[in-house]
Amino acid sequence: NTGHYLWSPGLAEKSPDTLLGAPIMECPDMPLVDKGALPIVFADFKTAYRIVDRMGIRMLRDPFTEKPFVKFYATKRVGGDITNHNAVKFLKISAKAA
């Protein structure tokens with residue numbers, strides 16, 4: 001027992017709040033706190049998640065625009081996925097929060 005709290009507020013400027021010594025990031029896309037929901041994720045995202053950036057950009061000339069105004073559309077393929085499931089833990093809320 002170190003005598004430290006599980007959650008600690010970031011009191012210094014640009015210092016994040018922490019949970020078990022790890023920085024906390026809030027995400028509005030997570031589900032609301034409710035019975036059976038998984039609103040909290042404890043993870044090392046650098047280890048758990050990989051972003052893949054495919055080489056090259058695809059260019060498409062708009063065939064309907066006329067000179068001197070020609071539009072081009074550019075697309076680039078990017079993806080990502082969890083590569084290490086052991087580095088991510090979802091925390092379930094067991095009872096409805098008051």
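Here the structure is a predicted model, which is why all the values come from computation and not from measurement.
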*CZ/F45 to CD1/I82 distance, rounded to the nearest 0.5 angstrom?*
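Atom-to-atom, F45:CZ and I82:CD1 are 7.5 Å apart.
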Write down the atom of [X], the atom of [Y], and the distance for their closest heavy-atom approach.
X   : Y   : result
M30 : P39 : CE-O, 3.7 Å
A74 : M59 : CB-SD, 3.6 Å
T47 : N84 : CG2-ND2, 3.4 Å
L38 : P31 : O-CG, 3.6 Å

*Please say whether more than 12 non-hydrogen atoms of neighbouring residues, nucleotides or ligands are located less than 6.0 Å from CD1 in I51.*
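Open: at most 12 neighbouring heavy atoms sit under 6.0 Å from CD1 of I51.
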*Flag yes if more than 12 heavy atoms outside F42 fall under 6.0 Å of its CZ atom; otherwise flag no.*
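Counting neighbours around CZ of F42, more than 12 heavy atoms of other residues, nucleotides or ligands fall under 6.0 Å, so yes.
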*asked:* Please determine whether residues V88 and V52 belong to a single hydrophobic cluster, defined as Ile, Leu, Val, Met, Phe, Trp and Tyr linked transitively by side-chain heavy-atom distances below 4.5 Å.
replied: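 No, V88 does not connect to V52 through the hydrophobic network.
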Can you give me every donor-acceptor pair (side chain of residues 14-26, partner residue at least two apart or in another chain, under 3.5 Å) with its distance?
from: D17; atom 1: OD1; to: G10; atom 2: N; distance (Å): 2.7

*Residue pairs, two or more places apart or on separate chains, that pass salt bridge (charged side-chain N to carboxylate O under 4.0 Å, His left out) and touch residues 42-67*: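 Matches after skipping sequence neighbours: D53-K76.
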*asked:* Are the side chains of K89 and V41 in contact, using a 4.5 Å heavy-atom criterion?
replied: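 No. Closest side-chain heavy atoms not under 4.5 Å.
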